[in-house]
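Down below is the structure, laid out as structure tokens.
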Amino acid sequence: MKSIEFGDLPKRFDIAEREAFWRDRWSALGVEKRDPEAPREKTYVIDSPPPTVSGSLHIGHIFSYTHQDILARYKRMAGWNVAYPMGWDDNGLPTERRVQNYFGVRAEPNVPYIENLDVEIERERAGLKKDQSLVISRQNFIEMCHVVTEMDETVFKDTFNRMGYSIDWSDEYATIDDKSRRIAQRSFLDLYEKGHVYQIEAPTMWDVDFQTAVAQAEVEDRDKGGAYHDIEFGVFEADAPIESFVISTTRPELLAACVGITAHPDDTRFKGLFGKHAVTPGFMVKVPIFPSTEADPEKGTGILMVCTFGDQTDVTWWREQNLELRQILGRNGRILDRTFGSDDGWASEDPERANANYRQIVGKRPPAAKSIMVDLLRDLENSATGNGAPLRDEPRPIQHPVRYYEKGDSPLEYLTTRQWFVRLLDKTDQMLEMGRKMTWHPEFMRKRFENWTENLNVDWCISRQRYFGVPIPVWYPLDDQGEPQYDGAIVATAEMLPVDPESATPPGYSPDQRGIPGGFVGEPDIFDTWFTSSLSPQTVARWGEVDDQMKSMFPMDVRPQGHDIIRTWAFYTIAKAMLHQESVPWHNVMLSGWVLDPDRKKMSKSKGNTVTPVETLDAYGADAVRYWSGSFRLGSDAAHDEAIFKIGGKLVTKIYNAGKFVLSQTAEDGPIVNELDRAFIAELKELVRRVTRAFENYEFSVALQETEKFFWGAFTDNYIELLKRRSRSEDDIAGRASAVAALRLGLNVMLRLFAPFVPTITDEAWSWVFAGETGNQSIHLASWPTVLELDAVAPPANAGSFQAASDAISAVRKAKSESGVSLNRELLRLELESDEQGENELRLVVDDVAAAGGANTIVFTRGTPSADWRYTAKIEPAEVEAKA
RNA sequence: GGGCGGUUAGCUCAGUUGGCUAGAGCGCGUCGUUGACAUCGACGAGGUCACAGGUUCAAGUCCUGUACCGCCCA
């Protein structure tokens, strides 16, 4: 029997040094490697989230990534060929913003490309001040995005490695790399062929700062202060005012864009107006008055103006009532230069006055335009009726929800632009069906997916007017006037991918035809970043590539992710798999909660309450941080609690010390024969059963808790203590062999149960003896403990033996503690009071109890157990051995 | 306004399909400790399981309602 010399191991476990050692060792042993040749049914595929590369990881990332690594390590030990890839989501606005801030640059079209651009030199040349941005070409900008994402990826990778994540880096990808771009464009081609995408020029939600369209999923409501402005309109018949009414609006700056008036059909106050025309004050524009059930009689004055466009209902009314389009807001969020009385849709009863007023707001942003409009409406000259100033009262402040792009700082506007969409509204039933085919952990998260799907009201807008992303692989022919023919879109062919239509030439054209009449023009837009990241399963499985592995990897087994991106990442991924493969993308979805600060607030950079993982890692080590993460249920939010890192650290120390102790015990080889040892193994068997079941149900925190409880309680506090004498006995050779064998088996099994949570300390302890015994160089290459494996040990004569011994030794400790006798003092005689059953149960293991209690003899007396005890130990002061 | 989750010891959280006396860690108190472990051990105190009804032989657990906290959506 190989054992260790206790003194050979350091007194303390050097966490930082050993974690570094084991990271290298795992990678040398290829612990994380999958076998690409293994069949699908032996493979367990994790669709791990590619983190957004936009600066730094925070502790919330670590929390959820740890959950998936715990799963990966468990599945690997349980015999699966685990595919655990990692990607980087470097597309999109977060990266662009970071580049803007990091380098102090801004991209604009029609700026020449500079080779080997040195920002500092160019800034100096342009004479820019600190807060001014250097304007650069799109291509230079994209190059900088690559530089920044590579930098960030290195940092992220370091942290992931320090956490001991068993990521298979041979499956690494980035959403901007060639393969991802090819697969994203392939996705578009497939959707185009199947008729699932379309482009349309229509009002869409628009962020005026980023100057791009946004999708429903990226919109959030924010409660903002605003004000109702009561404005009088005239009602005209035969070009003369016959009556008037007052509307309430929070956006008087859109008055020039007013194209209609509406009120609820049952509203008796306004019933007589329907079918007539109103005239707007200030601009004297005639607009129809129509009924609509969408109008809320309780809101404002009950009658309101319809503008192009104030909100989503304006869009609906505009469409349904076939109203004029009078768009006054430009893509940059400023009021456009328009002329009343000039062409169609801009008629006015008094063009001169309209234009005089309008000129005052041209070029302004909505807030400035608003205050100018309010002043204009205080002017009686601008009344449509001659009844006095159109603004009837001072503005009335209110709080109301305003729609924002989640990453934006200005309210969203509705602008008519041409955008590409994926048709999803007609497929919500199929989406719900897909949702039901998957198991959600925890189950209630399915509801969030269903709610979102049921409430979807716009198709998925996938085009973005940005730079750093995957180009939409499309060109448009130019007619004789050089105008793009959008209906004749030319889609790239499969062989061309990945392709940038801004530089590549479409089939059937020559490069010199770009931009000239009769030639072509490339689509300048890129995809929504979710369009690419929603293909993570297809990307990892190399869908459509020469080394396509869809058959051995798809559908995947599990998608781990945060619950905040169910409506985006989960939703779109399910949509893509449905549209492309007519399948679910995975069988399980596993949702981690958030990390809250100790005041129960969500950690975020803006609040300044974030904790960086690196400082936590430095303080406690990876195993302790993993312990913290593993102790929370899926889906539930976790407080960032220093105390739990400390407990994790204590567990690491305890495993180290218990391991050292157990493996330094020596004995002849021999079977596990003693009653107490067999009873202990029987308990261990039950533990293995429970922990395995918990893992299979994705209940990692239960698995950890069960193992931990057994380890501290049954194993270290009781079993080891009960065996201390026998495991060193000089005369009970068989008993000693049995004790040491059972101790080792117990340690061996528990190390494996702990391994997914605390991979370093368990592998360290494993390496001392078990690695050599089993031939498994790492515990992470060893197999998961099974009940079958423990069946080799015969069952105890009495199933209650271990419990009885534990209860009895507790009673002895209690008695010693209460009579102030130190625990290791010898007793000449120990009296144990119990009922008959208690005595019988203890008879088989009484020697171990006596040894552990330091009692020379145990005498049983009869008593009736109460709720609190089965055994009562009685110690006479005279029977305590004097101190040596 | 709709949906979801939570409310258990001073704190952070467990509590499987309803079933003996509601658990753990931290904190607190007392005691102990030089042959695994001071990053320690033992023992102890501490809970009307948010509230009100109901189902049941039996409810922290199931049902109904209420309150508060949080999240998602409108």
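Just so we're on the same page: letters track the sequence lines, and every chain starts at 1.
- Near RNA chain B, meaning a heavy atom under 4.0 Å from it, residues 684-697 of chain A has A/R693 in order of number.
- The stretch residues 699-715 of chain A touches RNA chain B through A/Q705, A/W712, each having a heavy atom under 4.0 angstrom from the strand.
- To the nearest whole angstrom, the two C1' atoms, one in B/U21 and one in B/A67, are 32 Å apart.
- Atom-to-atom, CD1 of A/I4 to P of B/G35 comes out at 18 Å; the value is rounded to the nearest Å.
- Of the C1' atoms belonging to B/C26 and B/U39, the separation is 14 Å, rounded to the nearest Å.
- For A/W628 and A/Y620, the ring centers sit 6.0 Å or farther from each other.
- The aromatic ring centroids of A/F695 and A/F757 lie less than 6.0 Å from each other.
- One finds the OG atom of A/S834 at 9.5 Å from the CD atom of A/E841 (value rounded to the nearest 0.5 Å).
- Partners of A/D221 under the side chain to side chain contact (heavy atoms under 4.5 Å, CB included) rule, at least two apart in sequence or in another chain, are A/P401, A/R403.
- Atom P of nucleotide B/C37 and atom CG of A/L9 are separated by 13 Å, given to the nearest angstrom.
- Pairing of B/G44, defined by two Watson-Crick or G-U wobble distances under 3.5 Å, is identified with B/C28.
- The nearest whole Å value for the distance from the NZ atom in A/K299 to the P atom in B/G1 is 14 Å.
- Of the candidates B/A36, B/C37, B/C73, B/A36 carries the atom nearest the A/A658 side chain, counting heavy atoms from C-beta on.
- The NZ atom of A/K816 sits 18 Å away from the P atom of B/C31 (whole-angstrom rounding).
- For A/R633 and B/G5, the CZ to P distance is 11 Å, given to the nearest whole Å.
- Straight-line distance from the CD1 atom of A/I647 to the P atom of B/C26: 6 Å, rounded to whole Å.
- A cation-pi arrangement is absent between A/K654 and A/F715 under the rule of less than 6.0 angstrom and at most 45 degrees off the ring axis.
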